[in-house]
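The model shown is predicted, which means the values in this text are computed figures rather than measured ones.
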Amino acid sequence: MEGIIMKKITSIILTLATVLLLASCEDFLDSQNLTQRTTETFPETELDAQQMVTAIYAHLLYESPESSAFMYIAQLAGDDCLGGNLSYSGNCATNFLLYKDNLNSFLDMWDRDYTLINRANSALANMDNVKSWSSESEKNRLLGETYFLRAFAYYELAQTFGGVPLRTTTDAVNIPRASVDDVYKLIGEDLAKAIELMPNRIYTFGSNMTGHATKAAAEAMQARVFLFYTGRYGKTELPNGTTKAKVISDLEDCIRNSGHDLVKDQRELWGYTNDYTNKNAAGYRYGYTVAHDLHWVGNSSIETVFANKHNLTSNWTYTWFSNTFSMFCSPSNDNRDMAQSYPFSFGWGCGPVSPAIIEDWKAWDKQQVHTDGYTEDPRLSGSVWSYNAYDPNEAGHILIGDRKLDPSEPDYTVSYRYYEQTGYFQKKYINVGAWSDEKNQYFHSFAKAEYPDVTAQTSAQLLQTPDLIHIRFADVLLMHSELTETADGMNRVRARSHLGPIPYSLEALKNERRFELAFEAIRWPDILRWAGPSLQSAGELLNKQTGFTVINEGVVTPMVRYDYAARLQETQGYWPIPQTEIDIAGKDENGNDILEQNPGWGSAAQFNDWNNFK
């Protein structure tokens, strides 16, 4: 919690166990008493400074997306996914723009982002303690990454809560919320500094620097922030003075000079196309990748501009080295049959795909010109696992059997407990397993087959290694088209998916972003910024999440009719400031809360059960 964190930051500035795990520096400070490493003596060396910045990256990771991740909010609050899980779950609450239990729904995210910010502030305040540098460029790189990470954290907070306390020093005082403009002013300043300081270098697979922020990432992030702020709030430039022309110029530098590019087939960005799933003598195959001859490009691809990195070092103390977002977005294990649903493993049933986007996508696709012998947009079946939904209560009975997008997809026996099961799961972030001939068992992650000797862990929760991608080069191209109102970048993305070129229009651009970036937690901020201050069009889109059937507890049921638009107006697109933080901050001299709660989060906004909306 912010108030608690601020009381600690003037002592030891690193959680050293985390630093050791992330930095892989086994002899880090072995010769000294670690408890004596304070901001008065640390960092002394260039290695200290590198480890200090590594400690900032640690707080991009999280154990529970449900309370810790903006990606979780954005995935469920938009119009392309439902909530899922139990009838009274936090997933359903978030999809309905409500809160479950209490107003601390996203306390962990607040805590995580402010811990990152405090570490960044400490790094910026103490970088000059280093006695000598191998080069000025190395110091600048570390400073640039620090500014980028602080901007990244504040952007998550600003999208979620609006104005938040603006901390730029290590002073341990409680302060009120800054204005939205002031927060975006700092974000703009930090990104400008990051662009100036970081070298023009990217880190793809094979580099020991994969996962580090880059100049290209800062240029892309600046464009994303600019588009969101100017659209959402009806402005023409960022509060720090960054203009549209500057954003375009920097984005063109990213496009022309960074070295990033599109991979050959968008589907090969995602872990389900890995080869290890199909490498077994037992005959287990993922029919979709076999039928379409797909092969994963792996993590840290040429298209990945910035991503969370994951590995197989998770245990029950440090679970967040695994991609926990994929765990949340995978189907229930209640009635799942491994052979029936191979290769997909299990998770917590978050974010089943809304049939509404499927119908929109199909209707749009019929109007497109396809090239290279294709007759449909491959991204649709490439983004969605569509299955015949088998009855958990009656063997062989299909509850929904008309939603399969590709005949090579496996089927699934739905959960007897879960709600809003639709016949569709997104498969960009889903747990993908592999059969081991040697062990004669199913591994809940293909990474266990790829790296069989790295870990003895067997739980799906600890084994998910695909990147959690924040920014892709395709997004860079689409943002450039939107900013310049030209079709080149948009058509480059379309051509990759065998779609013919079209003239630029904002409507065409919106469709390309929706379908190219589907289920990557981009849609929610996009519909908010396109709606502008009124939020009207965003509410209209959200209200289209009805008129189809779902499966609740093994029973086919009509989707509720819920007035998302009215609820969006009540909250203005913001989420509740954690009540714990409001309590810690205390009162001002007039007896008012120093941290003011966002509108629309009174007791009437508490979610109890999906069935209350029937």
Colleague: Taking Thr277 for its side chain and Gly433 for its backbone only, find out whether a donor-acceptor pair lies under 3.5 Å.
Modeller: yes
Colleague: Could you give me the CA-CA distance, side-chain angles and deciding distance for Asn91 and Tyr72, then say whether side-chain hydrogen bond (donor to acceptor under 3.5 Å, both in side chains) is met?
Modeller: CA-CA 9 Å; Asn91 297 348; Tyr72 168 88; 2.7 Å; yes
Colleague: Is the Tyr429 to Trp270 ring centre distance short of 6.0 Å?
Modeller: yes
Colleague: Let me see the working for Tyr418 and Asn85 under side-chain hydrogen bond (donor to acceptor under 3.5 Å, both in side chains), right down to the final yes or no.
Modeller: CA-CA 5 Å; Tyr418 279 16; Asn85 200 277; 3.3 Å; yes
Colleague: With a 4.0 Å cut-off on N to O distance, would you call Arg112 and Glu63 a salt bridge?
Modeller: no
Colleague: Does Lys279 make a cation-pi contact with Phe446 (under 6.0 Å, within 45 degrees of the axis)?
Modeller: no
Colleague: Test of understanding: with salt bridge (Lys or Arg N to Asp or Glu O under 4.0 Å), list the residues that count as partners of Arg417, not counting sequence neighbours.
Modeller: Asp334
Colleague: Who are the ring-ring contact (aromatic ring centres under 6.0 Å, His included) partners of Trp575, not counting sequence neighbours?
Modeller: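 Only Phe106, Trp601 meet the ring-ring contact (aromatic ring centres under 6.0 Å, His included) criterion with Trp575.
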Colleague: Can you name the ring-ring contact (aromatic ring centres under 6.0 Å, His included) partners of Phe306, sequence neighbours left out?
Modeller: Phe148, Phe152, His470
Colleague: Is a salt bridge present between Glu66 and Lys100, judged by a nitrogen-to-oxygen distance below 4.0 Å?
Modeller: no
Colleague: Would you call Asp467-Lys309 a salt bridge at under 4.0 Å N-O?
Modeller: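 Answer for the salt bridge query: yes.
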Colleague: Hey, would you say the Phe161 and Trp110 ring centroids sit under 6.0 Å apart?
Modeller: yes
Colleague: Check salt bridge (Lys or Arg N to Asp or Glu O under 4.0 Å) between Glu138 and all other residues, then give those that pass, not counting sequence neighbours.
Modeller: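 With sequence neighbours excluded, Glu138 shows a salt bridge (Lys or Arg N to Asp or Glu O under 4.0 Å) to Arg141, given in chain and number order.
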Colleague: Taking the ring of Tyr387 and the ring of Tyr412, is the distance between their centroids below 6.0 Å?
Modeller: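 Centroid distance Tyr412-Tyr387: below 6.0 Å, so yes.
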Colleague: Do Lys404 and Glu409 sit within salt-bridge range, that is, some charged N less than 4.0 Å from a carboxylate O?
Modeller: no
Colleague: Are the charged groups of Glu46 and Lys139 less than 4.0 angstrom apart, N to O?
Modeller: no
Colleague: Which residues pass the side-chain hydrogen bond (donor to acceptor under 3.5 Å, both in side chains) test with Asn280, sequence neighbours left out?
Modeller: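 Partners of Asn280 under the side-chain hydrogen bond (donor to acceptor under 3.5 Å, both in side chains) test: Arg285.
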Colleague: Give every residue pair that meets the side chain to side chain donor-acceptor pair (under 3.5 Å) criterion with at least one member in residues 441-463, sequence neighbours excluded.
Modeller: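 Counting only pairs at least two positions apart or across chains, the side chain to side chain donor-acceptor pair (under 3.5 Å) contacts touching residues 441-463 are Ser345-His444.
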